[in-house]
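Have a look at the structure below before the remarks.
Naming convention: chains lettered A, B, ... in sequence-line order (proteins, then strands); numbering from 1 in each chain.
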There are 4 protein chains.
Amino acid sequence: MNEDKKVKEKILEKSIKAFLSKGFRGTTTKEITSAAGVAKGTLYWHFKSKDEILDAILEKFLKEFVGGISDTVTNSSENFVGKFKAFFKFGSEFSRDNLELMLVYQTLLGEIVGSKSKAEMKMKVIQNRYDHLVQTLLDEGKKEGVISEDVDTYIHARIMTAALIGSYLQWYLNAGSYDSEYVRLYAMTIRKTLLKWVGVEIDR
Amino acid sequence: MNEDKKVKEKILEKSIKAFLSKGFRGTTTKEITSAAGVAKGTLYWHFKSKDEILDAILEKFLKEFVGGISDTVTNSSENFVGKFKAFFKFGSEFSRDNLELMLVYQTLLGEIVGSKSKAEMKMKVIQNRYDHLVQTLLDEGKKEGVISEDVDTYIHARIMTAALIGSYLQWYLNAGSYDSEYVRLYAMTIRKTLLKWVGVEIDR
Amino acid sequence: MNEDKKVKEKILEKSIKAFLSKGFRGTTTKEITSAAGVAKGTLYWHFKSKDEILDAILEKFLKEFVGGISDTVTNSSENFVGKFKAFFKFGSEFSRDNLELMLVYQTLLGEIVGSKSKAEMKMKVIQNRYDHLVQTLLDEGKKEGVISEDVDTYIHARIMTAALIGSYLQWYLNAGSYDSEYVRLYAMTIRKTLLKWVGVEIDR
Amino acid sequence: MNEDKKVKEKILEKSIKAFLSKGFRGTTTKEITSAAGVAKGTLYWHFKSKDEILDAILEKFLKEFVGGISDTVTNSSENFVGKFKAFFKFGSEFSRDNLELMLVYQTLLGEIVGSKSKAEMKMKVIQNRYDHLVQTLLDEGKKEGVISEDVDTYIHARIMTAALIGSYLQWYLNAGSYDSEYVRLYAMTIRKTLLKWVGVEIDR
DNA sequence: GATGAATGAGCATTCATTCAT
DNA sequence: TATGAATGAATGCTCATTCAT
């Protein structure tokens, strides 16, 4: 039904907001249901457990963000620079439109890493998929001669990801609110910088 | 007394280990005391609360790492490149010798950010102190003409920090264990890369 | 719902019994829930805290006893002696029907007095309301010329209350069980005596 | 030793103060030792347990107050009115000089009654001894013809005690501080009233 | 006599989850 | 589908008591 989806979606949305500011373990099901305006039982009708909400969030991130950015790059018929621009464009726009989803993911990383849970497993999958995408992209740049031979694409792919992960945390820690001008400036700068890393001068 | 310090230190050490793998909220006082081989009450003799353990960890990080790296840079009489090398050397060596302390900090970031707690306050202080140090360093490079005029040191300082934060999380997520060759390789690569960002060719 | 009231009422009832014999601080929530035949969590579904149970008991005492006896006296259109009889009748019957409620109040007095808690505040309200009622009653007797001019109604009202408070403790200490003939005898004697204090010969 | 007595006495004194405002169970040994300026272990060197402090307080009350007032009455060679005056004089002066000891006793009554503890046993002994003393006194008044035949001395002795117990609680609840003029006025009034109860006009 | 670090049973409270309605 | 009262294991923390120094 349509109503169903709305309720489930609302629970998910409020969960993301809550996890964002209090962490996964720090958020109670009561807080989620209160925010969503439903009863406790309703949450458990839509999700088997609190862990399943976490799983749904990661699934959403995997499908919408990683899947989306992967499709964008894969389906592009352009060369490395074109693909890289598309890659960045998708990331920027997705972050702008789904900032909270981006943020929870980064925020939950530290809390879940090392927990040996199903969620950690999923995070590794996500991370690997993303890293692999970037590495493949960099390799293509290498093949085209745009990126010099001595760049270790494996490491550089991971550094790029790291810089992005860390940046979300930084924004959040510094800004508190996250839709500031600072964020936009940061994003632009990091894009250029990341390319400079690998020796590509873009935008000129 | 000497014994006293040892017990308190042991609790702190085991807390770091535990927070690292299960997060702050995910770690119980029982787990900490069991690991430290002391009774529940002993923890509360040395610390007023679980929160105070967290505070002690952040304090340790602030004093030993941020304080140490700050002193290193401030006390150096070298030019930008020399200072930057010293900055990196301290960071690398400290990470090697106190890897868990470095990791908990990064790991706890996401869990604490947004919590409006005393710990978040302290994290902001730490972050600002560190960012400011890096920015000042980059500014010096600019004055010396090593870094080009159009580099926004405010942003770049924060990107550097972000890359480092993110890298710790990545190592931890990927490696599980953290004293691998990969970590060393990563550290070296990131050092060069960070300098390339700001337009400096080092090591040659 | 009806069921709801029953469970909450049962917890309250068992709390009264428990506080009566072990004091407030000496009673554990385990004891209350075991006696009420509910799980630990159920207590906290109906009451926010153990303190709130205490508050509910005092509220009950204030509403049912002090409110009731106040209404009885206020609504009576009789003269002083008639009102005093009604006052005593209500007190005796209420004590007979709600002996435990009367007893906990007196029993908790000493434990709570001086604690600077919300409960102590409420006790002061109760005490003042009750003392004021008695004083007003005695003042009426004075106006009617039944009580002599030189009686300090302020002090006498408080002595009356004191005698009653003390008597409940005495019964409880001496009798252990509290529905004895002794109690009835004591009550009758104290009634006459209290009137003799203020110079009124009743019952003849 | 002399020093020993001083320390033990100080612990006792601070315990009385503490029990008075927070009750027996509400007072921690830490609070007592902090107030007394000694270490935790010192308390346990002088007293076997916290309960033993309570016992020492009751013992002190029994010996100094009940014993004292009993001796006063017994050793007096006067008639009923003279003895009654002496009885009241001792009580008033003792209360004035040892107000806190008087107050703890009354304050602890409700907390301990019904606890089936050793302390409750002792309280019963104290209460009986005191009640018996008063009753014997009233009986003597009866024999002298000062108190009318139809006065039930058993009940009246207990009412007198009750009025006194209750009065201490009232003072404490109303006044907060307890060395006010009000207390003195109260005491004088109750003395006259108690005698009027049994039909004796004193002081004129 | 005195100290205070260490102990661990016990406490009030929380919270994910269940289930009858 | 939705509710919310009920559950009870688990948690952070307290505190009387012990004991090596």
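- Between the CZ atom of D/F47 and the P atom of E/dG1 there is a distance of 13 Å, rounded to whole Å.
- Distance noted for atom P between E/dG1 and F/dT21: 23 Å (whole Å).
- Counting to the nearest Å, the C1' atom of F/dT1 and the NZ atom of A/K10 are 17 Å from each other.
- Both C/S49 and B/T42 lie close to DNA chain E; mapped to their nearest nucleotides by heavy-atom distance, the more 5′-ward contact belongs to B/T42.
- Nucleic acid contact class of A/K50 (heavy atoms, under 4.0 Å, all strands): sugar-phosphate only.
- Remark: C1' of E/dT18 and NZ of A/K48 are 15 Å apart, rounded to the nearest angstrom.
- Pairing for F/dA2 goes to E/dT21, judged as Watson-Crick or G-U wobble with the two contacts each under 3.5 Å.
- Formation of a donor-acceptor pair under 3.5 Å by the B/E120 side chain with backbone atoms of B/K116 is found in this model.
- Residues from residues 23-38 of chain B that place a heavy atom under 4.0 Å from any atom of DNA chain F, listed by number: B/T27, B/T28, B/T29.
- If you measure from atom CH2 of A/W45 to atom P of E/dT17, you get 18 Å, rounded to the nearest angstrom.
- Cation-pi geometry between B/K122 and B/F61 is not met: the NZ or CZ atom fails to fall both under 6.0 Å from the ring centre and inside 45° of the normal.
- A donor-acceptor pair under 3.5 Å is absent between the side-chain atoms of A/K30 and the main chain of A/K40, judged by distance alone.
- As rounded to whole Å, 10 Å separates atom C1' of F/dA2 from atom CD1 of A/I11.
- Using a 3.5 Å distance cut-off with no hydrogens or angles, the side chains of A/K17 and A/S21 do not pair a donor with an acceptor.
- Taking 3.5 Å as the limit, the base of E/dT13 and the side chain of C/K40 contain a donor-acceptor pair of atoms between them.
- Atom CG of D/L43 and atom C1' of F/dA16 are 10 Å apart (whole Å).
- Picking from F/dG8, F/dA6, F/dT18 the nucleotide with the shortest atom distance to the side chain of C/A39 gives F/dG8.
- To the nearest angstrom, P of F/dT17 lies 12 Å from CG of D/L54.
- The base-pairing partner of E/dC15, taking Watson-Crick or G-U wobble contacts with both distances under 3.5 Å, is F/dG8.
- Closest to the side chain of A/Y44, out of E/dT17, F/dA9, E/dG1, is E/dT17.
- By the 4.0 Å N-to-carboxylate-O rule, C/E111 lies too far from D/R25 to be salt-bridged with it.
- For C/T42 (side chain) and C/V38 (main-chain N/O), no donor-acceptor pair under 3.5 Å exists by modelled atom type.
- Between the NZ atom of A/K22 and the C1' atom of E/dC15 there is a distance of 13 Å, rounded to whole Å.
- Here the side chains of D/K50 and D/T28 are not in contact, with every heavy-atom distance at 4.5 Å or above.
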